[in-house]
Asker: 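Before I ask anything, here is the structure I am working with.
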Amino acid sequence: MNNIKLNGDVYCPSEEIKKFAIVKNWDDLNEFVSKDYQKFWENEAKELHWFNSWDKVLDDSNKPFFKWFTGAQCNIAYNCLDVHTQTSRRNKLALMWEGEKGEFRSLSYFALHRETCKFANVLKSLGVKKGDRVTIYMGRIPELAIAMLACARIGAIHSVVYGGFTVEALHERLEDSHSKVLIVSDGAYQRGKIVPLKSIVDEALQRAASVESVLVVRRTGEPINMESGRDMWYHELMALPIANNQNSIEIMDSEDPLFILYTSGTTGKPKAILHTHGGYMVGTYTTLKYVFDIHEEDRYWCAADPGWITGHSYIVYGPLLNGTTSFMYEGAPTYPYPNRWWQMIEKYGINILYTAPTAIRGLMRFGEAWPNRHDLSSLRLLGSVGEPINPEAWKWYHRVIGKEKCPIMDTWWQTETGMFMITPMPCVPLKPGSGTKPFPGIQMDILDENGKTVKPNEEGKLVIKTPWPAMIRTIYNNPDRYVTQYWSKFPGVYFTGDSAKKDEDGYYWIIGRVDDVIKVSGYRLGTAEVESALVSHSAVAEAAAIGLPHDIKGNAIHTFVILRAGVNKNEKLIEELRQHVAHELGPIAKPESITFVDSLPKTRSGKIMRRVLKARALGEDPKDLSTLEE
Ligand code: WT7
């Protein structure tokens, strides 16, 4: 990619960026890795600590249940913390944190290790054992990372539920995972208001039976209900003698589960994507190092939420594995003013900023004056993730934030892939809106309905043809669904659910989801979840949800509702239904519009044809209507 003449709007990295970068020539690396990708991942794995080495790098004897580094023993938390406390990184900052109200906290590797060990011992004393599930439901505070790492340390499987979800979404995830312990904060600050996380938990727990203990981190200090025998304060537990610094590490097999993370799929309930210790560790470590070009002195900020895969891989695990200093900010980008992010970049000297197109578009609309008031010269690299970035937002980000000297790493990946899959590196020439090419060693393709590779610039289905270390291992408790969901559309290859094009230079361009998943502000929501939240209201008989383009959110949810007989259609009911969805699922799922209808387009077998609704809303031709009922 470095030497050939590329077509279209191309941005080449400066000599300075290339000279500094770990990978100076992408083609050389790619050629080397493509010869033997297992050897490449093996070399990377050797940079990490293992209690025992592997017999095999990749075990593909039971496809599509691939295994990596079989026979090896490790613990990802040991690599995130213990290894650094044994070097001069002991006193280096692992985490810098700013609260929405302006408070600052920092934890060195030593301190983060200590807090994690203490909390791991608390969990153990509560009877949490290897393989048990622990749900974590918090705002963006350091305790969220501590809780995740403490689980990993003792071999418990964490299930982080995004703090923007509410009662029903939380309940469903607690039930499905059979979590014994729930870790929550009393509330979370968002735009100067408090999200009452603990009271959402109280309501969800009236519907969920498996939870025995609720551990509550004090963040806001607002009065909350504490149920005796069930609810305990984190700070009280952490003050007990049992919460000591003593070794709490569980030696894990490479393929032992690390976490589950729920994500929306084509139909029905969200599915629990399972990741494991060994492969996930190697995948996130390596990709972050090369793509965000991690240097010892960097201050790195991934502004995503830890409750999302981006936060798991590139706020918590990837940065700590690389021994880097991360910054975490609790609140909203525009609070109290739209310069908040730029102010913090200046204040903390951030070198790398990784965020989502929706955030860029949201900040862009306030104009250049806000960022221009701040010294952003510490920035070296920028990143984007979650949905396609429109070239206009890309150019604004590049010019106004990156001052035309910071390459933008547009990283395509998924909860399921665990790590970057299509991504540039700093040395790679960029085209705004394209994530460039697959990470070395990963073969991807774009197929037509018959499984044949499409021609350049033709749209098709995006698939992955080679296994990678951080890949999904299964859907927790549902291996059949894992096979049908990902490996059945095209035999032998992983289907991503996305449509894409490849241009004449081999650059990939993501078009969007082809299934019933809507990306709202980069968050993945299933039409089925929104529909079932609507139907759970007594006024609603049937509902259909679709995504339509939105300037800032990328997509917004629009719904069509058939009311029960005798219910009056009025504006008040529309507002009530929108609030109902927000209460059940979360504010991100609140429909942009609700239209009352008398019928919905369906197939003869009774499935709602959302694409017909969508085409109609966009004034487009719905194309093939042969399966429509009438
Ligand atoms: C879906 C996965 C991976 C972290 C965030 C999302 C879309 C993700 C990009 C990108 C275009 C992107 C895809 C993908 N997506 N990154 N850089 N360009 N689209 O994880 O919630 O599992 O969603 O997000 O549609 O399938 P996720």
Side-chain angles (χ1 to χ4, degrees), residues 160-162 164-165 259-266 270-275 280 283-284 287-288 291 302-318 354-361 382-391 393-394 397 408-424 430-439 444 446 459 461-464 468 470-472 475 485-486 494-502 507-526 529 547 553-555 588-589:
V160 180
V161 177
Y162 167 53
F165 280 133
F259 66 82
I260 52 178
L261 183 59
Y262 286 85
T263 190
S264 300
T266 312
K271 35 195 185 158
I273 308 303
L274 183 101
H275 285 287
Y280 177 81
T284 53
T287 47
L288 183 70
V291 173
C302 169
D305 197 278
W308 200 21
I309 189 69
T310 315
H312 284 57
S313 300
Y314 299 113
I315 292 180
V316 178
Y317 292 112
Y354 184 31
T355 183
T358 184
I360 299 160
R361 288 190 298 259
L382 301 173
S384 174
V385 62
E387 57 178 320
I389 179 164
N390 45 312
W394 194 100
Y397 194 29
I408 299 173
M409 303 297 108
D410 180 358
T411 60
W412 178 95
W413 57 297
Q414 307 180 297
T415 307
E416 292 87 343
T417 69
M419 64 181 221
F420 306 147
M421 299 300 280
I422 301 174
T423 175
L430 304 171
K431 300 188 189 187
S434 166
T436 74
K437 297 185 183 184
F439 191 86
M444 297 185 64
I446 300 170
E459 185 175 339
K461 310 263 184 312
L462 183 68
V463 299
I464 310 171
W468 63 101
M471 69 194 296
I472 172 178
I475 293 174
Q485 182 90 41
Y486 303 105
Y494 170 95
F495 175 45
T496 62
D498 280 13
S499 66
K501 291 181 192 175
K502 197 167 25 166
Y507 276 44
Y508 284 71
W509 300 79
I510 305 295
I511 294 159
R513 300 289 305 189
V514 291
D515 51 11
D516 290 321
V517 169
I518 310 175
K519 282 249 139 183
V520 183
S521 300
Y523 288 94
R524 193 162 147 180
L525 289 168
E529 290 159 79
K553 298 177 186 170
N555 295 286
I588 43 161

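Every number for a ligand or one of its atoms is a count from 1 in the order of the listing. Everything numeric in this text was worked out from a predicted model, so none of it was measured. As a basis for the values below, the full set of heavy atoms in this structure was taken, side chains included, without hydrogen atoms, waters or symmetry mates.
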Asker: Quick one: side chain to side chain donor-acceptor pair (under 3.5 Å) partners of T287, sequence neighbours excluded?
Answerer: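 Result, side chain to side chain donor-acceptor pair (under 3.5 Å) vs T287: Y314.
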
Asker: Without swapping roles, check the side chain of S313 against the backbone of G418 for a donor-acceptor pair under 3.5 Å.
Answerer: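 Such a contact is found between S313 side chain and G418 backbone.
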
Asker: Considering non-hydrogen atoms only, spot the tightest contact between E529 and S264 and give its length.
Answerer: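 Scanning both residues completely, I find the closest heavy atoms to be OE2-OG, 2.5 Å.
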
Asker: With a 4.0 angstrom cut-off on heavy atoms, strictly below it, pick out the residues next to ligand 1 and order them by chain and number.
Answerer: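 Answer by chain and number: W308, I309, T310, V385, G386, E387, P388, D410, T411, W412, W413, Q414, T415, D498, I510, R513, K519, R524.
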
Asker: Please identify each residue that fulfils ring pair (Phe, Tyr, Trp, His ring centres under 6.0 Å) with Y508, with sequence neighbours left out.
Answerer: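 Partners of Y508 under the ring pair (Phe, Tyr, Trp, His ring centres under 6.0 Å) test: none.
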
Asker: Does T417 have any side chain to side chain donor-acceptor pair (under 3.5 Å) partners at least two apart in sequence or in another chain, and if so, which?
Answerer: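 Scan of T417 (side chain to side chain donor-acceptor pair (under 3.5 Å), adjacent residues dropped) gives none.
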
Asker: Between Y280, Y317, F259, W413, which is the residue that forms a ring-ring contact (aromatic ring centres under 6.0 Å, His included) with H312?
Answerer: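 The option that passes is F259.
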
